[in-house]
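What follows is one structure encoded as structure tokens, with my remarks underneath.
Worth saying up front: this structure is predicted, and the values here are computed from it rather than measured. Protein chains get the first letters and strands the later ones, always in sequence-line order, with residue 1 at the start of each. The figures here come from the full heavy-atom set of this structure, side chains too, leaving out hydrogens, waters and symmetry mates.
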Amino acid sequence: MKLLIIEDEPEMLENMSQTLEREHYIVETASDYKTALQKIAVYDYDCILLDITLPDGNGLELLKALKLSGKDDGVIIVSAKDSLDDRLEGLNLGADDYLPKPFHMAELHARVKAVLRRRHFEGNQYIHIGNVSVQPENRRVTVDNHEIVLNRKEYDILMYLITNKTRLVTKSALAEHVWGDHIDQSDSFDFIYSQIKNLRKKLEHATINIEAVYGVGYKLETD
Amino acid sequence: MKLLNHTSKYLAILLVPLISIWAFIFYYAMLDEIYDSLDDGLENQKILLLERLPTNPEILEHNDLDLWSHAITPISKKQYEQFEDRNSDTLMYMLNERDFEPVRVYETTLAYNDNYYKVKFITSMVEEDDLIQDLVVYLIVLYASLMIAIVILNNLMLKKIWKPFHSLMRQLPDFRIEKNHHIKTIDTNIEEFKLLNTSITTLIDQSRARYLEQQHFIENASHELQTPLAIIINKLELFLENTKLPADDIKTMASVLDNLGRLTRLNKSLLLLSKIENRQFVDEETIDFNSLTANIIGDFEDLASHKHIVLHLEEHSNLNFQMNKDLAVVLMTNLVKNAIIHGQRNNTVTIKIHEKSISISNFGVAEALNANLIFSRFKKISNDKKSTGLGLAIAKAISEKYGIGLEYRYSEEHIFKLTFF
């Protein structure tokens, strides 16, 4: 899988490429409009992470150029502006997703994987992990070919943890992903525990475990 | 009292002494003129008499003042030489009036064929009391007509002249700096009003510019904070991922991340608030508040059950309202979240949807909160560390943007009521 990160903030770029490289993606970077435009024109990427505010141009113009040249690289707009207009315009121009800064690394992985899945398998694909397999298109989960019924939140938690397997997922990252941005101000994220407990019960016979990490978050481990 | 009536009042008061003094002077000037003219007339009679004397010497026999309006009495030469002409006033019985009336008397001398005579001419004079009476009547009429004229003039002309002022005054009470109101000034060629117009226009423009600058400052500052926050959070997450840390260190890191999360939320809330105030949410659609509320309740179920709070939805009616969808979500979310966070354990949070209103009530501290402070920014009612202190301020800003009423009251429960007009 080949990714392109277009981001003018060097440290931001470094963080993103570091964490994505660990997932064995081929990561290329561009830190300005011109370089980005050249790379987009010459190469094909599976997913482009696109910062809107670049020193020498607007990221949305890059998106336009990309779509004009008939390419269908996946595009996730990454922006500090989190403005509704940008989001709408970006999505209308054919971006796959919009990720406002700041974000959790776990969220970045989830978004990238979702785009890659949609692009390459059009959803018709199983994710296997241990004896668990997930069919993202119809949100079906089976353990040893026995279907288990998960509610929306349990499924979202499981997918998020699978996407970020072996990575520590903090409670706040999980809460924001599953319960939405608006859950934030709650006095603690302990409320997610009951769903985790139910999920664990349903995954009794699975070879994957949801491990709590020192009250900080959770991690998916395979036996 | 209106300025218009105020000036009229002073003018009315001032006119009384002015007209009185004027009447006094006018009366004496008039009287003086009358005397002068009467005396001239009497002197003329003497000249006429002298002219007629050579042909009518019997005139010298006239000594009855009542009959001839002149009386001639012989005097000695010595008396003649010593006599000085004099004019004086006296009273005489007038038959027509059956009363003594003032008359003007002119006493003089004449010499005819070496005989000397004293001649007394009289003429009827104005009656001073009548004159004064007339004068007073006329002056009252003058005063009244002056006042009527002034009031009419004030009302017609001054009203027209003051039009630019009144137009400004009508607009200023409704002026709100946060709204993009324009004050319309009426063109005028009166120097003072021109000055007023330009002063107010400049004042408003400058204040508005400062206000916007401040608004955008908050927005820009929040924007600028996003990237460094993102870098810090991601670096820490990477560090946590890469490094095998002892449990205590992981907890420390988690606490740092938690606080960064709080900072991020605070920053996002500030950004949202200034965006609402900067009117950046333009798109509107009809929002079905029943299904919106049901969704939000779904999102908060886990949080509520974690606090052993039961969320109870009573739908008495359907409620649809035209507004921005994201803001509708934020509005309801913040109120529901607020009720759950401050709600009492093992109790209920009730959301009632009526035709024109939604009320969200929770049990909590057993006393009313300060309704004036509750919607202010950073006025934290609880000492809950994770609350940003902006949730209700944001709800208020959203409701104000759409003219939705948002009120707090306490009666056993803390009740927040949204009224849709």
Side-chain angles (χ1 to χ4, degrees), chain A residues 7-16 18-19 22 51 53 78-85 87-88 100-108 152-153 164 166-173 175-176 178-195 213-217, chain B residues 223-235 237-238 240-242 247-248 250-251 253-255 257-258 260-262 264-265 267-269 271-272 275 280-283 296 298-300 302-307 324 326 329-330 333-334 337-338 340-341 382 384-388 390-391:
Chain A
E7 165 69 63
D8 64 313
E9 194 71 40
E11 294 201 70
M12 196 75 208
L13 188 62
E14 193 195 310
N15 287 343
M16 285 161 78
Q18 215 183 17
T19 194
R22 196 161 304 149
D51 184 8
T53 42
V78 177
S79 169
K81 273 177 87 182
D82 192 16
S83 106
L84 212 66
D85 295 341
R87 186 193 301 239
L88 283 176
K101 286 183 199 170
F103 47 80
H104 294 285
M105 284 303 187
E107 190 63 34
L108 177 68
R152 181 185 72 80
K153 284 167 194 161
N164 286 292
T166 71
R167 184 178 293 119
L168 168 59
V169 175
T170 59
K171 283 181 192 169
S172 67
E176 277 166 36
V178 177
W179 279 266
D181 280 345
H182 302 299
I183 203 77
D184 51 20
Q185 285 165 1
S186 29
D187 44 0
S188 87
F189 292 112
D190 291 338
F191 66 87
I192 65 180
Y193 179 67
S194 59
Q195 296 284 1
V213 183
Y214 310 117
V216 174
Chain B
H223 270 155
E224 292 305 316
L225 282 172
Q226 304 278 58
T227 304
L229 271 171
I231 293 170
I232 299 168
I233 291 172
N234 294 347
K235 273 209 186 315
E237 283 174 340
L238 276 173
L240 213 54
E241 220 176 282
N242 295 345
D248 281 353
I250 289 186
K251 277 182 189 159
M253 290 292 279
S255 141
L257 275 172
D258 256 10
L260 282 171
R262 262 175 73 192
T264 306
R265 286 192 286 276
N267 199 41
K268 275 187 180 166
S269 299
L271 193 53
L272 177 64
K275 275 183 181 169
Q280 289 185 16
F281 294 88
V282 190
D283 294 332
I296 288 170
D299 285 341
F300 280 99
D302 295 302
L303 177 62
S305 67
H306 180 69
K307 286 200 76 177
N324 180 279
D326 289 340
V329 172
V330 173
T333 302
N334 283 7
K337 190 156 62 184
N338 181 70
I340 295 172
I341 288 171
S382 74
D384 177 2
K385 288 198 189 79
K386 295 218 174 176
S387 120
T388 57
L390 287 174

Measure across B:Lys268 and A:Pro102 and return the closest heavy-atom pair with its distance rounded to 0.1 Å. NZ-O, 4.4 Å
Listed by chain and number, what are the side chain to side chain contact (heavy atoms under 4.5 Å, CB included) partners of A:Glu14, not counting sequence neighbours? B:Lys235
Would you mind checking which part of A:Thr19 comes under 4.5 Å of any heavy atom in chain B, side chain (CB onward), backbone (N, CA, C, O), both or neither? both
Can you tell which of A:Gln195, A:His104, A:Lys171 has the highest number of heavy-atom pairs within less than 4.5 Å of chain B? A:His104
Nearest-0.5 Å distance, CD of residue B:Glu237 to CG of residue A:Asn15: 9.5 Å
Do the charged groups of A:Arg22 and B:Glu241 touch, with an N to O distance under 4.0 Å? yes
About how many Å separate CD of A:Glu176 and CZ of B:Arg265, when rounded to the nearest 0.5 Å? 6.5 Å
Which residue out of B:Ser255, B:Pro228, B:Gly261, B:Ala247 racks up the most heavy-atom pairs below 4.5 Å with chain A? B:Ala247
Please look at B:Ile250 and chain A and tell me whether the side chain, the backbone, both or neither of the residue comes under 4.5 angstrom of a heavy atom of that chain. both
Okay, B:Leu240 and chain A: the region with an atom under 4.5 Å from a heavy atom over there is side chain
How about B:Asn234 and A:Phe103: do any of their side-chain heavy atoms sit closer than 4.5 Å? yes
Can you tell which part of B:Ile296 gets under 4.5 Å to a heavy atom of chain A, answering side chain, backbone, both or neither? neither
Just verifying a value: how many Å separate B:Thr227 OG1 and A:Asp51 CG, rounded to the nearest 0.5 Å? 7.0 Å
For the pair A:Glu11 (side chain) and B:Ile231 (backbone), establish whether a donor and an acceptor sit closer than 3.5 Å, ignoring hydrogens and angles. no
Could you state the interatomic distance from OG (A:Ser172) to CZ (B:Arg262), rounded to the nearest 0.5 Å? 13.0 Å
Separation between CD1 (A:Ile192) and CG (B:Asp302), nearest 0.5 Å, reads 9.5 Å
Which one of A:Met105, A:Gln18, A:Met16 has the most heavy-atom pairs closer than 4.5 Å to chain B? A:Met105
Partners of A:Glu9 by side chain to side chain donor-acceptor pair (under 3.5 Å), sequence neighbours excluded? none
Do NZ/NE/NH1/NH2 and the carboxylate oxygens of B:Asp299 and A:Lys153 come within less than 4.0 Å? no
Leading residue by heavy atom contact count with chain A [cutoff under 4.5 Å; candidates B:Leu225, B:Asn242, B:Asn267, B:Leu229]: B:Asn242
